[in-house]
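Beneath this line is the structure, given in structure tokens, with notes to follow.
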Amino acid sequence: MKEHIEELLIQAFLHLKRDKIVPADCKIQPVVERTRSPEHGEFASNLAMVLTKQAKRPPKDLAKAIINRLPKSRQLEKTEIAGPGFINFFMNQMAMASTVKEVLRKEGSYGHQPTQPDRSVTLEFVSANPTGPLHVGHGRGAAYGASLACILQAAGYEVQREYYVNDHGRQMDILALSVWLRYLELCGEKVRFPKNGYQGEYVYEIARVVRNEHGDKWRFTELEVYDGAEPDEGEGGDAESHIDSLINKASDLMGHAGYLAFFNASLDQILGDIKNDLAEFGVEFDHWFSEVGLEESGALQHAIERLDKNGYLYVKDGATWFKASELGDEKDRVIVRENGRTTYFASDIAYLLNKLERGFDHAIYVWGADHHGYIARLSAAAKGLGEDPENIEFILLQFVALFRDGEKIQMSTRSGNFITLRQLRDEVSSDAARYFFVMRSHDQHLDFNLDLAKSRSNENPVYYIQYAHARICSVFKNLDQMDLRHNAAIGEAALDRLVEEHELGLMRSLSRYPEVIESSARARAPHSMAHYLHGLATDFHAYYNAHQFLVDDENLRNARLNLILAARMVLQDGLSMLGISAPEEM
RNA sequence: GCGCCCGUAGCUCAGUCGGAUAGAGCACCAGAUUCCUAAUCUGGGGGCCGCAGGUUCGAAUCCUGCCGGGCGCGCCA
């Protein structure tokens with residue numbers, strides 16, 4: 001419908017040029033937007049106002065000239081000039097009702113764009129280190145990324161959902177060590193658990209699994225473990241070097257195979273748990289990308305060579321540096337450390353190159369707000385690789401704070417004192433969690449009210465939307481019990497009977513759906529979809545209270561059923577994009 | 001210190017590319033059900049859009065400065 005108005009305006013604009021009212025070289029993109037209130041019709045355009053300067057005529061004259069040149073349209077009731085020079089477009093009832101027809105004809109694909117060939121995108125999100133269970137912050141990333149992926153697909157993008165697995169590096173070593181120490185405890189050894197080790201209860205779980213499988217095969221005494229180790233922070237030493245010395249000790253005592261057993265058991269179990277957790281949250285990935293794989297496949301070397309070939313590498317103090325400062329970053333960055341090991345950043349670069357070489361037009365990264373310092377760095381890397389940084393996009397999610405009984409819950413990852421995504425889902429349900437995570441703009445801090453999210457009451461917006469869907473289903477059940485059938489053909493023929501304010505309002509909301517998909521995809525804003533669905537539910541509930549659907553008049557009844565069926569389809573489709581169920585009864 | 005994000009009703013937040021009288025939910029007050037689910041609906045009060053300048057036909061929106069809050073600035077991952 002909006003496109004139709006735009007088309008009319010483009011035609012009128014061409015006529016203006018032909019009639020020399022505006023210069024022939026005048027170029028302008030007419031802006032058509034929804035009006036704020038039906039008093040102003042459905043759509044408004046500011047075309048006359050933006051042409052004022054070039055045409056050297058007052059906006060109202062121009063508006064009149066434009067209206068006189070609009071092609072005839074069967075959808076238009078009338079046009080008006082309003083305010084400082086807006087052209088308001090009033091749609092007729094038939095145009096409004098045609099939305100219902102379109103929704104029913106297209107069913108779940110109403111408002112969806114066909115996949116465009118130049119719109120392939122890789123969307124990376126969550127990518128939490130596999131060193132422990134996902135917490136609520138990851139939950140926001142998961143809900144946001146999964147919803148955005150669906151919305152982008154509906155808007156015509158081909159989307160690959162990726163999770164980058166940091167299965168390499170020091171944090172994994174610390175985890176493997178932590179598991180080994182807990183394993184020794186289970187064997188009956190006394191250990192002094194390091195300050196910077198992973199403290200969570202899940203570490204015992206993994207240790208238990210290893211011990212069940214291998215018994216006391218890798219048991220060593222306290223004396224053997226701590227012999228020659230650096231002192232911990234509380235013992236007058238440095239926490240980091242203490243833990244490094246213990247990691248080395250673990251390898252020495254157990255040998256590579258033994259160490260690997262703990263390393264792999266940790267990775268397998270935690271990654272398995274994460275995958276399971278996300279699946280239960282309705283979040284699926286197309287690709288789990290392993291950091292280790294980057295080294296094994298030679299992608300890491302390939303990326304380093306590319307930077308070198310482009311002249312962006314140099315050696316200083318035994319390390320290999322990337323000239324990031326020449327490409328917009330604040331300083332140069334180490335790629336290969338003095339000890340010969342590559343940095344995490346090197347893997348990031350290799351992964352980026354890999355994404356682009358797989359042929360994606362666009363790469364989106366969804367990160368926590370604490371990562372914003374990496375944007376300049378990775379953009380610099382893109383330039384250094386000879387790629388267009390325009391094709392790489394970073395979305396930062398602000399933090400989540402949980403509130404219970406009006407008080408903020410304090411969390412810290414290191415101490416193992418955090419609320420996991422799984423606990424949150426158990427407490428408030430996946431549906432509520434998915435909605436609450438995306439109900440706010442991604443650049444807003446999120447105050448997550450646990451009491452509200454789990455309340456089964458009218459205060460909870462999730463249930464409000466779901467209830468609208470359930471109510472519609474219920475109407476059709478009642479129809480069944482009255483031994484009546486919904487006849488969509490009769491309904492379609494009688495759509496001109498839908499003239500009540502509430503009906504026009506509901507149809508107006510339905511007609512906006514394609515625009516909502518488009519704009520929330522463009523703005524990377526699943527929250528606008530959430531807001532839209534809430535508004536659609538409001539329109540439906542108001543209609544429900546104001547009018548009876550199951551009336552004796554067969555034509556009117558079927559027309560109304562067509563309308564609410566269309567509403568049901570859009571509610572269902574929109575909820576599914578947000579990963580929220582659409583229950584048939586509540 | 002430098003960089004990024006935020007500041008809109010009592011609270012939590014929408015507000016698209018600058019557009020008409022700045023909106024929603026919660027809370028508060030007053031009402032609605034012999035009728036398809038009251039997890040619903042109707043009405044009402046409530047605003048220095050952080051502050052000060054600038055850009056223009058027009059600014060919550062763009063620019064500059066300031067104030068307040070959050071986050072980040074490793075040969076860590």
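Numbered from 1 within each chain, the chains take letters A, B, ... in sequence-line order.
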### Message
I'd like to know whether A:Glu233 forms a side chain to side chain contact (heavy atoms under 4.5 Å, CB included) with A:Asp238, so could you lay out the CA-CA distance, the side-chain angles of the two residues, the decisive distance to 0.1 Å, and finally the verdict.
### Response
CA-CA 5 Å; A:Glu233 194 175 293; A:Asp238 174 63; 5.5 Å; no
#### Entry: Candidate pair A:Asp167 and A:Asn129, rule side chain to side chain contact (heavy atoms under 4.5 Å, CB included), full reasoning
CA-CA 8 Å; A:Asp167 48 9; A:Asn129 286 349; over 6 Å; no
### Task
Report the C-alpha distance between A:Ser127 and A:Tyr365 in whole Å, list the side-chain angles of each, state the deciding distance to 0.1 Å, and finish with yes or no for side chain to side chain donor-acceptor pair (under 3.5 Å).
CA-CA 10 Å; A:Ser127 296; A:Tyr365 290 82; over 6 Å; no
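Here the side chain of A:His372 is nearest to one of B:G72, B:A38, B:C35, namely B:G72. Here B:U16 is the nucleotide among B:C6, B:G19, B:U16 with the atom lying nearest to any side-chain atom of A:Ser519. Closest to the side chain of A:Tyr544, from the set B:C17, B:G19, B:C36, is B:C36. Picking from B:C36, B:C76, B:C73 the nucleotide with the shortest atom distance to the side chain of A:Glu330 gives B:C73. Relative to the side chain of A:Val334, the nucleotides B:C75, B:A77, B:C13 differ in distance, and B:C75 lies closest. Closest to the A:Gln548 side chain, of the nucleotides B:C36, B:A39, B:C75, is B:C36. Relative to the side chain of A:Lys331, the nucleotides B:C71, B:C17, B:G74 differ in distance, and B:G74 lies closest. When each of B:C6, B:C75, B:U12 is scored by its nearest atom to the side-chain atoms of A:Glu338, the top-ranked nucleotide is B:C75. Of the candidate nucleotides B:A77, B:C41, B:U16, B:C41 has the atom lying nearest to any side-chain atom of A:Asn545. Listed nucleotides: B:U21, B:C13, B:C73. Nearest to the side chain of A:Asp447: B:C13.
Counting non-hydrogen atoms under 4.0 angstrom, A:Gln398 reaches the backbone sugars and phosphates but no base. Among the protein residues, A:Glu291 comes within range of no part of the nucleic acid, since none of its heavy atoms lies under 4.0 Å from any strand. Using a 4.0 Å heavy-atom distance criterion, A:Asn449 is classed as making no nucleic acid contact. At the heavy-atom level, A:Asn88 lies under 4.0 Å from base atoms of the strands shown. Among the protein residues, A:Ala82 comes within range of the nucleic acid bases, having at least one heavy atom under 4.0 Å from a base atom. Contact annotation for A:Asn166: no contact, since no heavy-atom pair falls under 4.0 Å across all strands. Residue contacts shown for A:Gln466 are absent, as no nucleic acid heavy atom lies under 4.0 Å away. Note on A:Gln444: only backbone sugar-phosphate atoms sit closer than 4.0 angstrom, heavy atoms only; bases stay farther off. Within the 4.0 angstrom heavy-atom criterion, only backbone atoms of the sugar-phosphate kind lie near A:Ser441; the bases stay farther away. Within 4.0 Å of A:Ala525, counting heavy atoms only, lies no atom of the nucleic acid at all. Nucleic acid contact for A:Met482: none, since no nucleic acid atom lies under 4.0 Å from a heavy atom of the residue. Contacts of A:Ala523 with the nucleic acid, taken as non-hydrogen atoms under 4.0 Å apart, are absent. Backbone-only contact: A:Arg170 has heavy atoms under 4.0 Å from sugar-phosphate atoms and none from a base. Looking at heavy-atom distances under 4.0 Å, A:Lys477 makes no contact with the nucleic acid at all.
The distance from atom CD of A:Glu501 to atom C1' of B:U42 is 15 Å, rounded to the nearest whole Å. What separates CG of A:Asp244 from C1' of B:C75 is a distance of 13 Å, to the nearest Å. Atom NZ of A:Lys408 and atom P of B:G69 are 14 Å apart (whole Å). Between the CZ atom of A:Phe86 and the C1' atom of B:G19 there is a distance of 4 Å, rounded to whole Å. Distance, A:Leu533 CG to B:G25 C1': 15 Å, rounded to whole Å. For the pair A:Phe263 CZ and B:A77 P, the computed distance is 13 Å after rounding to whole Å. As rounded to whole Å, 15 Å separates atom C1' of B:C57 from atom CG of A:Asp61. In this structure, the NE2 atom of A:His445 is 12 Å from the P atom of B:U8, given to the nearest Å.
Remark: B:U64 base-pairs with B:A52. Criterion, Watson-Crick or G-U wobble with two distances under 3.5 Å. Across all strands shown, B:A22 remains unpaired; no Watson-Crick or G-U wobble contact has both distances below 3.5 Å. Across all strands shown, B:G72 forms a Watson-Crick or G-U wobble pair with B:C2, both key distances being under 3.5 Å. Across all strands shown, the partner of B:U40 is B:A32, judged by Watson-Crick or G-U wobble contacts whose two distances both fall under 3.5 Å. B:A9 makes up no base pair with any nucleotide shown, lacking Watson-Crick or G-U wobble contacts both under 3.5 Å. With a 3.5 Å ceiling on both atom-pair distances, B:G46 lacks any Watson-Crick or G-U wobble partner. Applying the Watson-Crick and G-U wobble criteria (two distances, each under 3.5 Å), B:G58 pairs with nothing in any strand.
Taking the six-membered ring where the residue is Trp, the centroids of A:Tyr163 and A:Phe125 are separated by 6.0 Å or more. Aromatic rings from A:Tyr164 and A:Tyr351 are positioned such that their centres are separated by under 6.0 Å. Checked against the 6.0 Å centroid threshold, A:Phe322 and A:Tyr314 do not count as a close aromatic pair.
Taking 4.0 angstrom as the limit, A:Gln481 places none of its side-chain polar atoms (N or O) nearer than this to OP1 or OP2 of B:C36. A sub-4.0 Å separation between OP1 or OP2 of B:C36 and a side-chain N or O of A:Arg560 is absent. Phosphate contact (OP1/OP2 of B:C73, side-chain N/O of A:Arg377, threshold under 4.0 Å): absent. For the OP1/OP2 pair of B:G15 and a distance below 4.0 Å, the side-chain nitrogens and oxygens of A:His527 include at least one atom meeting the criterion.
Judged by distance alone with a 3.5 Å cut-off, no donor-acceptor contact links the side chain of A:His371 to the base of B:G72. Residue A:Tyr464 places no side-chain atom within donor-acceptor reach of the base of B:C41, judged by atom type and a 3.5 Å distance cut-off alone.
Aromatic stacking is marked for A:Tyr344 over B:A77, as both cut-offs hold: 5.5 Å for the centres and 30° for the planes.
Rounded to the nearest Å, the gap between the P atom of B:A52 and that of B:A59 is 15 Å. Annotation: B:G3 and B:U12 have their C1' atoms spaced 29 Å apart (nearest Å).
Map A:Ala44 and A:Arg337 each onto its nearest nucleotide of RNA chain B; the residue landing nearer the 5' end is A:Ala44. Each of A:Leu452 and A:Asp370 has a nearest nucleotide on RNA chain B; the 5'-most of these lies closest to A:Leu452.
The minimum heavy-atom distance between A:Arg560 and A:Gln548, with the atom names listed, is NH1-O, 2.8 Å. In plain terms, the two heavy atoms of A:Ser528 and A:Val516 that are nearest each other are O-CG1, 4.2 Å. For A:His40 against A:Thr35, the heavy-atom pair with the smallest separation is O-CG2, 3.2 Å.
A cation-pi contact links A:Arg471 to A:Tyr544, judged by a cut-off of 6.0 Å to the six-membered ring centre and 45° from its axis.
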